[in-house]
Amino acid sequence: MPEVRTEEMLINMGPQHPSTHGVLRLFLTLEGEIVKDVRPYIGYLHRCFEKHTEAMTYPQVIPYTDRMDYLNSMSNEWSYVLGLEKLMGIEVPERVEYIRVVMAELQRIASHLVALGTYGNDAGAFTPFLYSFIDREKVLELFEITCGARLLYNYFWVGGLSHDIPANFQSKVKAFIKEFEPNIKMYNDLLSYNKIFIERTANTGILPLDVAINAGATGPILRASGLKYDLRKDEPYSIYHKFDFEIPVAEQEVGTVGDSWNRYMVRIKEMVQSLRIIEQAIDNIPEGDVSSAVPKRVKPPVGEIYSRTETPKGELGYYIISDGSLNPYRVKARSPSFVNLSILPKISKGHMMADLVMILGSLDIVLGCIDR
Amino acid sequence: MDNFITSLLGENILTFVLVTVPVIAFVAVFALYAVLGERKISAWMQNRVGPNRVGKGGVLQTIIDGLKLIQKEFVSPIRADKYIFNLAPIIVFTAAFMGFAVIPFSSIFIGADLNLGLFYFFAITSLGVIGLMIAGWSSNNKYSLYGAVRSVSQIVSYEIPTALAAIPVVMLAGSLSMQTIIHEQAGGILNWYIFGGPGAISKLILFPFMLTSAVILFISTLAETNRTPFDIVEADSEIVAGVHIEYSGMKFAMFFFAEYAQMFAVAAIVSTLFLGGWQSPFGDLIPFLNNPWIQFGWAISKGLLLVFVQIWLRWTLPRLRVDQLMTVCWKFLIPITLIDLFIIGLYAVL
Amino acid sequence: MDINDVYNLLKKVFEDGIGELKTGIPVEDCIYVEAGKIEAVCFFLRDEERLQFDALMCLSGVDKDKTTLTTVYHLYSYALKHRLTIKVDVPKDNPVVQSVYQVWSTAEWHERESYDLLGIKYEGNPDLRRILLPEDWEGHPLLKDYKVQEFYNGMKVPY
Amino acid sequence: MGILNRLDSRIEQFETGNLMITSVDKLLNYARLSSMWQMFFGLACCAIEMMATSASHYDLDRFGIIPRPSPRHCDIILISGTVTLKMASRIKRLYDQMPEPKYVLSMGSCSNCGGPYWEHGYHVLKGIDRIIPVDVYVPGCPPRPEALLEGLLKVQEKIRTQSIAKQIKKA
């Protein structure tokens, strides 16, 4: 019998491709439908964040942090502002802390909703995407009545906030919680426990815990691999120690710990926990002034700090070096998506092309954050 | 008297034209409105409005889409195999349309009542896969090649359960002619083959098996028309747009057209085999409703109902993976249809 | 273990490989390590029972002054929940640092980024190419004396 | 341009507003403006607002605008976000792959002029109009969905003023 000649197929996926979530380019080596090798090429959205920080004053950097991970601007700002506050030794008023917690958790819900919707889209189910955007609009409206912007807020300032919350904010948030809570069950019925969806995602792209830690995975991806670790609990910043909430980790429910389905499911469960935090915080916002601690000139002493917070995508760290002037000497952003994407080649080899799309979607990357 | 036009005019060229034109017109109007229907139904399912600017409530949207597509430049990529590239949409469209020849719209109207009608239908619709194959191949695009390979493996595999699920009806009716099959189901909703066909004993015994066959036939025709959850041929999140990635303008519209025409064709086949085709569900209780002209309404509305189910499924379910698609076909559908076939065959012989 | 204990431990094992310990400035203390020893030191930090730094949080390149580039390693231990900052100084005219890719695979992309933006070369990195900027880009933008090129591929770069 | 190329020079003599030509013009323009298929393509922050605009709350489908993944099926490309120098050549190629007649909408300050990255953004293209022609600019960082809709309506307005005869002449 003559030998069958086989050839590897080299395919460029992206930078324009419906499921690369932006301008990511994947260089695939395929054997039929099986993925032999994946090489991510990034930098198509490199917007020179770090060079900009060196030319701007400290508060001017905040809008640029917004534009890094544009799906969770609030959390980006928080991490940066938190670092500066620690460096300058500013005590933030209690009211500010509460509002920040509420905003960050709302932002987490909004970000996870996009993750959910686009993930459904990757799987070929278009409807969850539209449902999740209906819910996301409600969150955006809350942001909009507070600071006027839908996407990029410039809301957290060093020592305070740009605006106080409006009078009807609390009642609106409560109304949102009431509307949104039953929808989570709807998403579970529509997508999470759909037989086809489970078949597509369970047991694909398994990331073992030791690899996850060694490769620097953080956030939902680390928790889906089975480690109960969340900066909000394990290295509590702000006032998270006051709230009672769980950290969702992967359980042996469907598939294997560390697979795509669990990465997706951890996010759904996190939304429930975020709602719990908001419920606890929203009634206890103390009276006070949100801008009393805002310094006129932000001029930290010579020094450096690595501040990190738990954003929806994982651990976002800013390494800020101050030389005592008005401009930062160096700001390095350690973005969660950047590290999480670097795991992709490790977990997608040997899967099919359709699985690769699902694995990439389960990492929930944002290219603005990767390329900065 | 299979065709009132034939009986009126006899067999001549005018008859053939007169028989073909209404079918073409129907398919054209159907395809246009199925696209619009799909957009409207999906909008309705997703809390949206859907197209509403062109005409009242957007009723002319797809016509205007077509008018726009006529104006588009037709790009043929420099590396594409030009003749085959241009031929492919025509093959796909023709194959989809030729199936309509044997679809009975009424007891007095059918394009051609072949005594091998069902066989002809399966044979001719699978020609479409050749069109898809050469479309994907000649585009000289890796994504469309993937689409082509996927479409061939998918459609060829699903031919088997489609045929196997249709055979029980053929055995019970004793004919491959579409009109005969429908005539066998006369006498109201309970005599339809989905409920086991005419005859009290056969209903009791055959109902579960015929129902399974009907469901399997519906599922595998979904796969043959590349509808979700089996739309891996044009899965946008994986291979962008599959075989028609390089087609623009009217050539692309022809693929679109063919897909929607085929949706109705397979729906009509399912309704002919299992839902009594043009038979009124009330049988002889209300003789007026079995009037040959009302029968058009029954045939079309049963088809549309099944098309609606196809659209409904598309906007609800995620899609399967290639290997899972094959697993469903070879490990589930084919064994189940074989068992079905055996039992129904046993019954038919006895 | 506080930073002094870590420092003493490292000093005992690696002697000359460890530079000074810097404390007192806000907010972070750090230990300086020789560029040629960093891989061994990191292996030790990861595998030593009392330290167990199993994760590299961040790796940053810094243009320290006119003659020096610095690589900063922020380490974290999930097992023991403590952190450590390590710095490696290299001269600008020969910026070569050992790669810590073998220790933490996170480092691969971080090192590529640092090479891309600052030009620090990491010896032993399996794939040391530019990561954010195009392959044919000139210069390393995060250097303080970086001059933007006028044209790239026929497109004007400055406003 | 498809059918228009075939009509070719015969049209030119009708240049000055022949009654029949204007009516055909109107119909064809109406077809083009009512069914602008958009490219399923996002760059940065603005892409999220673009997605929000096509989602249920704002619903671009009302205007007959649906996203298509392949550039060959598209009529309009929304440049939604910062264009970097590395990406610019790819966008140019995508634009070239689209069949005529095609339209470009530049969404957001970044693609209009570089936006907040205009000064120190060494890797940002300062305006998409440096590589491809733009029909409508929508300002904002990012523009609200309403602003994007307004921009799309402006594109429709522009199409409404086009004529077969004039286009042939230009080409």
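In what follows, every chain begins at residue 1, and chains take the letters A, B, ... in the order their sequences are listed.
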Heavy atoms under 4.5 Å from chain C: which residues of residues 37-48 of chain D carry them?
->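 So no residue qualifies.
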Heavy-atom proximity to chain C below 4.5 Å, by part of D:Leu85 =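 For D:Leu85, backbone and side chain are both near chain C.
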Determine which donor-acceptor pairs between chain D and chain C fall under 3.5 Å and list them with their distances.
unit_1	atom_1	unit_2	atom_2	d
D:Lys86	NZ	C:Leu132	O	3.4
D:Lys126	NZ	C:Val157	O	2.8
D:Arg130	NH1	C:Lys156	O	3.3

Identify which of C:Val148, C:Leu132, C:Leu133 forms the greatest number of heavy-atom pairs closer than 4.5 Å to chain D.
->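 Heavy-atom pair counts peak at C:Leu133.
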